[in-house]
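Atoms considered below: every heavy atom in the structure, side chains included; atoms not considered: hydrogens, waters and symmetry mates. So you know, we letter chains A, B, ... as the sequences are listed, proteins then strands, and number each from 1.
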Number of protein chains: 2
Amino acid sequence: MKEFEHYIKSYFGIVQEEDLKNIVSFFKLKTIQKGNFLLKPNSVCEKLCFVESGILRTYRTTDTKEITLWISKKGHFSADISSFIFEIVSQWEIQALVDTEVYIITKEDYNKIGALVQKWPEFEKTFTISCFSVLEERVFSHLSMTAEERYESYFQQNKELFNQVPLQYIASFLGMTPETFSRIRKKQLL
Amino acid sequence: MKEFEHYIKSYFGIVQEEDLKNIVSFFKLKTIQKGNFLLKPNSVCEKLCFVESGILRTYRTTDTKEITLWISKKGHFSADISSFIFEIVSQWEIQALVDTEVYIITKEDYNKIGALVQKWPEFEKTFTISCFSVLEERVFSHLSMTAEERYESYFQQNKELFNQVPLQYIASFLGMTPETFSRIRKKQLL
DNA sequence: GTAAATTCTTGATTTTTGTCAAGTAGAAAG
DNA sequence: CTTTCTACTTGACAAAAATCAAGAATTTAC
């Protein structure tokens, strides 16, 4: 079984091989060139994608600054979920930071899964609630941890990103300025 | 139609009156006395509840401090969603800050809805994705706003809570100390 | 109603983080 | 290879927020 299939199985809580095969069959492997966009602001998110290799960044530009909401590496999903599901206009943009391979499913195909996979609503629920939990822990980290603790925690989990992603994006993702990030970094290296 | 029903209709995206009646019929109105718990830590969340009146607080106690994740007022739902859905142990506790009327549905009854309401998976999805969006905006607020801006924004939306909820809980919810909260508060009043 | 406990406020101080500005290093383009 | 652009670092300083401690106000318990 491909690694991608393992991830799908786990994220969606799938048990039967046939269900897995059916779901996976809708995903198509594509390459996004560095700098290209998977989602443009003020449009509807029409693709849900799974990062097979490379890195995607989800961000929003405000009057004064750019906010990075997600940095998605191998094994992560990426999309504006509420835009994708409700077909409403998204405020976010998603860009490839390096050449990135993604398994993509379009909204059109996504809507077809239900007819093929009887338990799809259950799988979909597993997926969305898991996403919810990840976010909840992230809120908790902002309520309970300092910038330095968030740095340390993220660094431990994502070491490999620190020499691939412009550090200012990681800083924004963690809710601090590039300068603060740089100083914490220096401190940790000593 | 009762106000409660309006909220259910809107949160779950229900169109047909019959679906609404069926879903609503599972919820029972109960009163939680001030100080009593809807969820105790290290237990599974077995109830999803809707606040009809009063206020609930969801929080977690760490080694050094107590973190308030949610303050739920009239019109809000309250539960540990992932614990409720996956039936896993919750890290959170939910306590009534004043005598609180809630419409409660047990997990047992919740599981019965599907048999009665054909479109239930669709409604459930609408509900969970909406919850996700709320959280996402909250993460965004921590990435993009100062403590003072978060205070101001929350105050504008929840003025009535400021003379009912111990302010230290609101401070924690907004990710700041009670002292900082108190000083911002003083500043705003001038 | 009074005492006790809790919550809130305030001041003084320290720590953390942000801002501004300059300089350096590194990547991309020609 | 050289130039240009961008990202990163560093220093000096300012602002924001946390901490500690004390006192005032409010709530709770008796």
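Of the candidate nucleotides C/dG18, D/dT9, D/dA7, C/dG18 has the atom lying nearest to any side-chain atom of A/Arg183. Distance from the side chain of B/Tyr169 is smallest for C/dT7 among the nucleotides D/dT9, D/dA18, C/dT7. Minimum atom distance to the side chain of B/Gln168 is reached by C/dC8, of the listed D/dT19, C/dC8, D/dA7. Across D/dT10, C/dT9, C/dT17, the shortest atom-to-atom separation from the side chain of A/Ser182 is found for D/dT10. For B/Thr177, counting side-chain heavy atoms from C-beta on, the closest listed nucleotide (D/dA17, C/dT19, D/dA18) is D/dA18. Closest to the side chain of A/Thr180, out of C/dT19, C/dT17, D/dC8, is C/dT17. Distances were taken from every side-chain heavy atom of A/Lys186 (C-beta onward) to each of D/dG11, C/dT17, D/dA7; the shortest belongs to D/dG11. With C/dT10, D/dT10, C/dT17 as the choices, the nucleotide that has an atom nearest any side-chain atom of B/Glu179 turns out to be C/dT10.
Following rounding to the nearest Å, A/Asp99 (CG) and C/dA28 (C1') show an atom-to-atom distance of 15 Å. Distance CG (A/Leu143) to P (D/dA17): 14 Å, rounded to an integer number of Å. Atom C1' of nucleotide C/dG11 and atom NZ of B/Lys187 are separated by 16 Å, given to the nearest angstrom. Between the C1' atom of C/dT16 and the CD1 atom of A/Ile184 lies a distance of 9 Å, rounded to the nearest Å. When rounded to the nearest whole Å, the span between CE of A/Met145 and P of C/dT16 equals 15 Å. Taking atom CZ of B/Phe181 as the reference point, atom P of D/dT19 lies 17 Å away to the nearest angstrom. If you take CG of B/Leu97 and C1' of D/dT28, they are 16 Å apart, rounded to a whole angstrom. The CD-C1' distance, from B/Glu66 to C/dT7, rounds to 13 Å in whole Å.
Relative ring orientation between B/Phe77 and B/Phe50 is described as perpendicular, the plane-to-plane angle rising above 60° on a 0-90° scale split at 30° and 60°.
Taking Ile, Leu, Val, Met, Phe, Trp and Tyr as members and joining any whose side-chain heavy atoms lie under 4.5 Å apart, directly or through other members, the hydrophobic cluster of A/Tyr59 also contains A/Phe37.
Pairing each heavy atom of A/Gly13 with each of A/Thr126, the nearest pair is N-CG2, 4.0 Å.
Between A/Lys34 and the phosphate of C/dA28, there is a side-chain N or O to OP1/OP2 separation shorter than 4.0 Å.
Judged by distance alone, the side chain of B/Lys28 and the main-chain N or O of B/Ile105 form no donor-acceptor pair under 3.5 Å. Between the side chain of B/Asn158 and the backbone N or O of B/Tyr154 there is at least one donor-acceptor pair closer than 3.5 Å.
Each of A/Leu167 and B/Glu148 lies near DNA chain D, and the nucleotide nearest A/Leu167 is the one positioned closer to the 5' end.
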